[in-house]
2 protein chains.
Amino acid sequence: MKATHILQHHQLKCTECRIGILNVLLEADAALTENQVKEALHNKFDRTTFYRSFKTLVETGVLHSITLHDSTLYMVNAGENAGHEHYHFYCSACHKLLCIHPQKKENIALPDGFKIKQTDITFEGVCKTCNKTEKR
Amino acid sequence: MKATHILQHHQLKCTECRIGILNVLLEADAALTENQVKEALHNKFDRTTFYRSFKTLVETGVLHSITLHDSTLYMVNAGENAGHEHYHFYCSACHKLLCIHPQKKENIALPDGFKIKQTDITFEGVCKTCNKTEKR
DNA sequence: CAATAAATGCAACGATGTTGCAAAATGAAT
DNA sequence: ATTCATTTTGCAACATCGTTGCATTTATTG
């Protein structure tokens, strides 16, 4: 998936800043903070520009954000990650927030009268990679 | 559950600010932001004091916090709410974050090698009360 | 390439996170 | 109840982040 395609698909102008943000996030193996993206782009853009770019990208649904432990992490909201159910795994060892896609899902019985529009499920623990490392 | 008992149980001094915060949160039917608590106490304390009180209460496990839509909400981490599984329901109609306790719980098959320490499950939708109101 | 609409950079301000330090309050011992 | 050691508080101060207005620059369309 190319950055310019994503932007065009959402009727957004292909500006340098937006393309940069998307490329960094598309290449990352985990969700990143605004500052992490900014640093990856060597602070090439003004912080206001970053702020507005992220805002636009989240509002249009290009990006999905999740706040955990007082920091907001962003990921591209495309393909498998899109939808009204978001599964995340935060590894307390490597501090990465991973998007996961569990095979088996068992729904929770909510109290009567509640209507669900969106579900966010975040696990916290030790990821596969760190688990292996710990055992050695 | 009394505020002073909770504080003593966690070996914290029973200061006016901490007791005030706990009383407000114990009486609330939903999670509240730091500012909502502050206003409920008529800004009786300095913002630094609030900041440090919340910090202490969260660090010692007296309070549990969750960030949603860019605002952090706090609730007392006692009784049913305690533990390593947190179920919340955010109502997009009344904007309240409720703690829920489903009978039947989620049983998700995670990829191999992942070790779970804590699970946070947040539903977003319309709560029982707002659902009723909408239908009339 | 020209025209138009949108995005950018800069300045500025408010809200919030955070720390140091002196004054006040708490809890324990007398 | 009084004293004392320790913790908490309030204030000042500063950093960071969220947010907006405005002039300039850039991206798209014809």
Side-chain angles (χ1 to χ4, degrees), chain A residues 2-25 31-74 95 97, chain B residues 2-25 31-74 95 97:
Chain A
K2 277 190 91 177
T4 50
H5 295 162
I6 297 174
L7 290 170
Q8 281 161 3
H9 184 258
H10 286 266
Q11 283 140 13
L12 293 171
K13 286 195 176 179
C14 294
T15 66
E16 212 184 332
C17 183
R18 290 175 185 165
I19 293 171
I21 291 170
L22 279 183
N23 280 336
V24 170
L25 286 175
L32 300 176
T33 66
E34 195 176 314
N35 275 332
Q36 285 173 323
V37 178
K38 206 184 289 181
E39 280 164 29
L41 295 172
H42 305 93
N43 295 284
K44 197 176 178 183
F45 305 96
D46 189 79
R47 76 185 189 93
T48 313
T49 306
F50 260 92
Y51 164 73
R52 280 191 276 227
S53 293
F54 273 100
K55 197 178 176 183
T56 303
L57 293 172
V58 168
E59 280 170 359
T60 54
V62 176
L63 297 184
H64 173 70
S65 77
I66 184 169
T67 306
L68 209 71
H69 298 293
D70 294 322
S71 63
T72 303
L73 297 157
Y74 297 88
H95 303 289
L97 183 77
Chain B
K2 278 191 89 176
T4 49
H5 294 162
I6 297 174
L7 289 170
Q8 281 162 2
H9 183 257
H10 287 266
Q11 283 141 13
L12 293 171
K13 287 196 176 180
C14 295
T15 67
E16 213 184 332
C17 184
R18 289 174 186 165
I19 292 171
I21 291 171
L22 278 183
N23 281 335
V24 171
L25 287 175
L32 300 177
T33 65
E34 195 176 315
N35 276 333
Q36 287 174 321
V37 178
K38 206 186 288 182
E39 281 163 28
L41 294 173
H42 305 93
N43 294 284
K44 198 176 177 181
F45 305 97
D46 189 79
R47 73 185 192 91
T48 314
T49 306
F50 261 92
Y51 164 74
R52 281 190 276 224
S53 293
F54 273 100
K55 197 177 176 182
T56 303
L57 292 172
V58 168
E59 281 171 358
T60 54
V62 176
L63 298 184
H64 173 68
S65 77
I66 182 168
T67 306
L68 209 71
H69 298 292
D70 294 322
S71 63
T72 303
L73 297 156
Y74 296 88
H95 303 289
L97 183 77

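The chains referred to below are lettered A, B, ... by the order of the sequence lines, with proteins before strands, and numbering in each begins at 1.
Counting heavy atoms from C-beta outward, A:Val37 and A:Phe50 have side chains that approach closer than 4.5 Å. A heavy-atom distance below 4.5 Å is not found between the side chains of A:His9 and A:Ile6. Side-chain contact between A:Tyr74 and A:Leu57: absent, with no pair of heavy atoms (C-beta onward) separated by less than 4.5 Å. Proximity of A:Lys44 to A:Glu16: side-chain heavy atoms (C-beta onward) are separated by under 4.5 Å at one or more points.
A:Thr72 and A:Ser65 are not linked by any side-chain donor-acceptor pair at a separation below 3.5 angstrom, with hydrogens and angles left out of the test. Judged by distance alone, the side chains of A:Asp46 and A:Thr48 do bring a donor and an acceptor atom under 3.5 Å apart.
Residue order along DNA chain C, read from the 5' end via each residue's closest nucleotide, puts A:Thr56 first among B:Leu12 and A:Thr56. Along DNA chain C, the nucleotide nearest to B:Asn35 and the one nearest to B:Gln8 differ in position, and the one closer to the 5' end is contacted by B:Asn35. The nearest heavy atom of DNA chain D to B:Lys13 and to B:Phe50 marks one nucleotide each, and the one closer to the 5' end goes with B:Lys13.
Heavy atoms of A:Thr15 sit under 4.0 angstrom from primed sugar atoms or phosphate atoms, though from no base atom. Using a 4.0 Å heavy-atom criterion, one finds that B:Arg18 contacts the sugar-phosphate atoms exclusively.
Side-chain atoms of B:Gln36 come within 3.5 Å of backbone atoms of B:Thr33 as a donor-acceptor pair (strictly under, hydrogens ignored).
Taking 4.0 Å as the cutoff to heavy atoms of chain A, we find the contact window on DNA chain C bounded by C:dA5 to C:dA12. Chain A approaches DNA chain D over the interval D:dC17 to D:dT28, counting the first and last nucleotide 5' to 3' with an atom under 4.0 Å from its heavy atoms.
Of all the heavy atoms in B:Arg18 and B:Ser53, the pair that sits closest is CG-OG, 4.3 Å.
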